[in-house]
Amino acid sequence: MHRIIATQHNTTFSLSLCVCVCVSGSEAPGVCEERDLSSETTGSPIIYNPHTALSVEKQRQRLPVFKHRNNILYLVESFQTVVIVGETGSGKSTQIPQYLLEAGWAADGKVIGVTQPRRVAATSVAGRVAEERGAYLGHEVGYSIRFDDCSDPHATRIKFLTDGMLVREMMSDPLLKKYSVIMLDEAHERTLYTDIAIGLLKKVMLYLLSIISQMSTCVRFFFPLFSLSLQIQKKRRDLRLIVASATLDAKKFHDFFNLNESGDPNKDTCAILTVEGRTFPVDIFYTVSPVPDYVKATVETVMKIHETEEDGDVLAFLTGQEEVEKVVSMLQEQARTLSRYGMKKHLCVLPMYAGLPYNEQMRVFERMPPTVRKVVVATNIAETSITINGMVFVIDCAFVKLRAYNPLTAIESLIVTPISKASACQRAGRAGRNRAGKCFRLYTEEDFEKLPESTVPEMQRSNLAPVILQLKALGIDNVLRFSFLSPPPAQSMVQALELLYALGGLDQYGRLTDPMGVRMAEFPLSPMFAKMLLESGNFGCSKEIVTIAAMMQIQNIFVAPHNQKKSAARERRKFAVAEGDHLTMLNVYEAFIKHQKSSQWCQDHFLHYKGLLRAVAVREQLRHLLNKFKVPRTSSEGDPDVILRCIVSGFFANAARMHHSGSYRVVFNEVVQTSKYYMRDVTAVESSWLVELAPHFYKQAKHGSLSSKRAKVF
DNA sequence: GAGCACTGC
């Protein structure tokens, strides 16, 4: 079955294969999987309606996962770990926790914990399950995400939480004593925290069992950790783990968690079960020859679809804001031309990326009249984070902007990278949610075959300093021997250990320092921010620093609607100060508070209202931690230098020279690579401060210039 | 003076 579709210009596709991907409805039927853009926090109780009870029960039984119910329960009973390959639309996320509850896994006050990589997923799936059970959200069924704990320590039996939250919980309850079963959902996404949780759970469940028998009482005396492992052995052999993953990774998870070394499959401690989804076919088309410019090819392909294909909305994937805006404006131009020539069917072209102002984001979810074809041009946000219904055609450029980490320079950056096959299939699947669809890949089938099977896990392309600090705080002394599902580069580990040592979080033996390291680990921030906060009392500016730290956690403080870019830039300059971005942010926050957190004021000054509200919440959490550690509330009373020096005390490792000839130096928060390297959140500092505040990290060279232990990048 | 994938604590 080969069909050639020639586009107007030179992007030519051939139909190459027909795969079944994706589904009717989401895994949580009835739940809007869309990111809840309307509120930061949810938690209003769902009222039980007895009239819908029967139909809910019938709906549950119609889900593909239902016929595997007994098998799943049997496997969970018989194996410590069960890997469930649940295709999209199988109903695994909402149903398996309920099966476990009904089978008695939450007896004796135990809790069934289900993790999700994203906050919205945790809250929306919890909402759906509560509704199915006719329960108030927060009672029998609850959720726990940062800033929003909607669970009852006594009543909640099924708890949905973000994977990051589970790792946090392990800091106070390393054995996860309150849980009988943990289900790691969407484990194939391999987020940083899912991977940390996976390693920790293996340690809790399996790893220690083998060492215990080899240790003598004498060793026990000298290694207090050993008593912990005894506890684990006694108490947590009952803990069950379910790993919900895509097909590709199932074997890897199985091998990781299977502790059976006897070679006798009857002694396996891990099992795999596959649950089919509900799928619509998606035809995949490849270009006949490589595309020289995927931005142009995207525009051509949209127009070709519009002219020759039947009804159905279009979703195009690009890598960043700039590309999205460019394609949107090119398409809008073409759409105007079409309407001038009286084409009956209209095009409505909409951009979608995380930095877009809220109102503009919401437009992609609006329904269009039948005479209008919606075209959404999006970044990777549309691959997993949000779902737009009604998409029938997908255009995939084969690229994505990914975080990369260079352990030699200790620089994290964003780089345009070819996607993986798994990612390409996920994108294609977006065309088949409501009916059969088509996916146009702007690359040849040959090039598709060259793509890597799956995306490199975040763990292997991140700065590991926050990870190592948390592991140390969890009592993992030898992080180099921690059982990582995918071990990160050794150089990244070394780099992280060095940075943590320079920050004073670790001593020369790599042990967590007390109190500095212990306290740093408690902050939900990177170690540099934590250090800066903990030092702020000494510098006499904790009030300002806590605001700056909170503001820097918020992306896109300044919004620029595309028809008002000029005035937005003008407003933005009003807040800017010569010292740099950190003090600019401080200005914005203080002005926001002065204007009673008014949303109208934000709109007038092109500021991100919800972002600022989040900064207020983050600030409160950080303030709470500073109080806990008895960091005094002090203010610099308008003196910028103490604030800048305090910033340097945390960020000295991120120092750069503004110009090779000058003594003008800056500290920065992060680096972004587009056409050039850009540093984000930059502040000017005196080079002498670097030597003064981090003498172990910088040394003064002969001619007054600095040399750092790090390789230079810029 | 425009430049900034996406999450998460």
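Quick note on labels: first sequence line is chain A, next is B, and so on, each numbered from 1. All heavy atoms count here, side chains included; hydrogens, waters and symmetry mates do not.
- Rounded to an integer number of Å, the gap from CE of A:Met170 to C1' of B:dG8 is 17 Å.
- The nearest whole Å value for the distance from the CG atom in A:Leu318 to the P atom in B:dC4 is 13 Å.
- Between the CG atom of A:Leu356 and the C1' atom of B:dC4 there is a distance of 14 Å, given to the nearest Å.
- Here B:dC6 is the nucleotide among B:dC9, B:dG8, B:dC6 with the atom lying nearest to any side-chain atom of A:Arg403.
- For A:Tyr193, the listed nucleotide lying nearest its side chain is B:dC9; candidates were B:dG3, B:dC6, B:dC9.
- With hydrogens and angles left out, the side-chain atoms of A:Ser486 and A:Arg190 include a donor and acceptor closer than 3.5 Å.
- For the pair A:Arg461 CZ and B:dG8 C1', the computed distance is 14 Å after rounding to whole Å.
- For B:dC6, the base adopts the anti conformation, since its glycosidic angle falls more than 90 degrees from zero.
- Classification of A:Arg168 and A:Glu522 as a salt-bridged pair fails, no side-chain N sitting under 4.0 Å from a carboxylate O.
- Within the nucleic acid shown, A:Leu192 has no heavy atom closer than 4.0 Å to any nucleic acid atom.
- Atom-to-atom, CG of A:Leu200 to P of B:dC9 comes out at 17 Å; the value is rounded to the nearest Å.
- Side-chain polar atoms of A:Arg619 and A:Thr547 form a donor-acceptor pair below 3.5 angstrom.
- Atoms CZ (A:Arg570) and C1' (B:dA2) sit 16 Å apart, rounded to a whole Å.
- Nearest to the side chain of A:Thr379, among B:dC4, B:dG8, B:dA5, sits B:dA5.
- In this structure, A:Phe651 and A:Phe529 have perpendicular ring planes: the angle between them is above 60°, well past the 30° mark.
- For B:dC9, the OP1/OP2 oxygens have a side-chain nitrogen or oxygen of A:Thr162 closer than 4.0 Å.
- In the set B:dC6, B:dC9, B:dC4, the nucleotide with an atom closest to the side chain of A:Arg168 is B:dC9.
- Nearest to the side chain of A:Ile381, among B:dC9, B:dC6, B:dC4, sits B:dC6.
- Taking atom CG on A:Leu533 and atom C1' on B:dC9, their separation rounds to 14 Å, with Å as the unit.
- Of the two residues near DNA chain B, A:Gly355 and A:Met165, the one whose nearest nucleotide lies more 5' is A:Gly355.
- Distances were taken from every side-chain heavy atom of A:Arg119 (C-beta onward) to each of B:dC9, B:dT7, B:dC4; the shortest belongs to B:dC9.
- Checked against B:dA5, B:dC9, B:dT7, the side chain of A:Gln321 finds its nearest nucleotide in B:dA5.
- Of the two residues contacting DNA chain B, namely A:Val400 and A:Pro466, the nearest-nucleotide position lying further toward the 5' end is that of A:Val400.
- If you measure from atom CE of A:Met171 to atom P of B:dG8, you get 20 Å, rounded to the nearest angstrom.
- Between A:Phe399 and A:Tyr294, the ring-plane angle classifies as parallel under the 30° and 60° cut-offs.
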